[in-house]
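Below is one structure; the comments refer to it alone.
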Amino acid sequence: MFIDSHAHLEMRAFDRDRDEVITRAKEAGVDYIVTIGTTLADCKKAISIANKYESVYAVVGIHPHGVKNINDLTYESLKEMAKAEKVVAYGEIGLDFFRNLSPRDVQIKRFGEQLELASEIGLPVVIHDREAHVETLKILKGWKGNRRGIVHCFSGDYEMAKKCLDMGFYISIPGTITFQKSEKLREIVGKIPIESLLVETDSPYLTPHPKRGKRNEPANVVLTARRIAEIKGLPLKEVGRITSENTKNVFGIT
Ligand code: NI
């Protein structure tokens with residue numbers, strides 16, 4: 001069994017065949033999918049999908065791309081949404097200095113505020129860090145809240161991974177680990193204890209080899225787990241079992 005710890009099932013890319021996508025995941029051995037709303041509208045949609053499908057859980061928060069649109073009402077709405085039974089974390093929040101769709105200073109300010117909000121609500125966090133490793137670590141270190149959560153789609157070096165682990169975070173690995181050029185990521189994963197790893201698809205993005213070029217979907221998380229099994233020299237089943245346990249632990253899924 002496997003859990004896709006990070007997908008975006010609420011995105012329009014899945015409007016036409018969401019049922020089939022969720023069924024295919026089940027058939028591939030993916031027991032649960034955690035879907036991450038990135039805007040206020042998508043958070044609402046993520047919750048309604050989680051309410052419809054037993055195997056789906058939801059995460060709410062504003063993605064760094066859209067934080068320029070946050071106002072006081074945004075946080076009030078998110079607080080309300082977070083009360084829903086199937087909401088298991090707050091996120092994805094953080095910094096994206098690759099695309100810079102919101103100004104960097106705004107991203108930094110809103111990241112801090114959303115960490116505080118997560119503490120107040122009492123949910124673990126899902127962290128997004130793209131080309132902002134130093135700033136992300138600095139903000140996480142300064143965060144006074146209970147550091148519980150996941151650094152999703154990990155793209156830092158081993159030194160950063162070690163710092164995240166020391167702070168108590170889990171590290172989630174996407175399908176990029178199957179890419180030929182990802183030797184560095186495979187080396188890092190080789191050194192991170194399996195007890196700290198999660199697997200994810202980030203669907204509809206980051207489709208793993210050999211399906212690159214197509215839309216990604218949660219069933220493909222098995223390809224990522226298989227690559228990790230090869231790196232670790234563990235049976236695939238064992239990687240599925242342990243990463244699922246880790247995912248359940250951090251999200252409080254029973
Ligand atoms: Ni994502």
Side-chain angles (χ1 to χ4, degrees), residues 2-15 18 21-22 25 30 32-47 49-50 56-70 78 81-82 86-102 107 110-111 114-115 118 123-133 136 140 149-156 164 169-179 182 185 197-208 212 214-221 223-224 243 247 250-251:
F2 304 91
I3 300 178
D4 182 356
S5 75
H6 191 116
H8 299 287
L9 286 177
E10 65 290 331
M11 283 188 174
R12 273 207 309 237
F14 294 110
D15 277 354
R18 196 168 285 112
V21 166
I22 291 168
V30 180
Y32 297 107
I33 303 162
V34 182
T35 197
I36 321 283
T38 53
T39 63
L40 218 44
D42 271 7
C43 289
K44 256 180 223 158
K45 201 169 161 189
I47 293 170
I49 294 165
V56 179
Y57 286 87
V59 171
V60 299
I62 305 297
H63 191 285
H65 289 342
V67 291
K68 62 185 170 199
N69 303 316
I70 288 180
L78 286 164
M81 284 188 214
K86 289 195 88 181
V87 171
V88 290
Y90 190 90
E92 54 185 298
I93 54 174
L95 303 172
D96 195 308
F97 289 179
F98 177 68
R99 296 190 65 193
N100 293 305
L101 295 186
S102 286
Q107 290 191 42
R110 296 307 192 188
F111 184 21
Q114 293 200 89
L115 285 171
L123 285 175
V125 289
V126 176
I127 305 296
H128 172 108
D129 155 38
R130 192 151 183 217
E131 308 218 340
H133 305 326
T136 300
L140 289 177
I150 300 153
V151 180
H152 118 85
C153 199
F154 186 78
S155 60
C164 294
F169 288 102
Y170 286 88
I171 288 179
S172 184
I173 304 299
T176 49
I177 193 151
T178 64
F179 297 176
S182 298
L185 180 59
L197 287 176
L198 270 52
V199 287
E200 67 170 78
T201 59
D202 206 14
S203 301
Y205 311 114
L206 304 179
T207 311
R212 271 185 101 171
K214 293 185 199 153
R215 178 192 65 178
N216 200 6
E217 62 176 63
N220 294 334
V221 82
L223 296 169
T224 298
T243 55
T247 310
V250 66
F251 288 128

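Start at 1 and go down the list; that is how both ligands and their atoms are numbered. We number each residue from 1, following the sequence as shown.
In terms of distance to the Ni ion (ligand 1), the nearest N, O or S atom of Glu92 is named OE2. Note on Asp202: its N/O/S atom closest to the Ni ion (ligand 1) is OD1.
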List the steps, then state whether side chain to side chain contact (heavy atoms under 4.5 Å, CB included) holds for Leu115 with Leu140. CA-CA 9 Å; Leu115 285 171; Leu140 289 177; 4.3 Å; yes
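Contact check for Val56 versus Arg18: no side-chain heavy atoms found under the 4.5 Å cut-off. The side-chain heavy atoms of Leu123 and Val88, taken from C-beta on, include no pair separated by under 4.5 Å. The closest side-chain heavy-atom distance from Ile150 to Phe251 is below 4.5 Å.
Angle NE2 (His6) to the Ni ion (ligand 1) to NE2 (His8): 100°, rounded to 10°.
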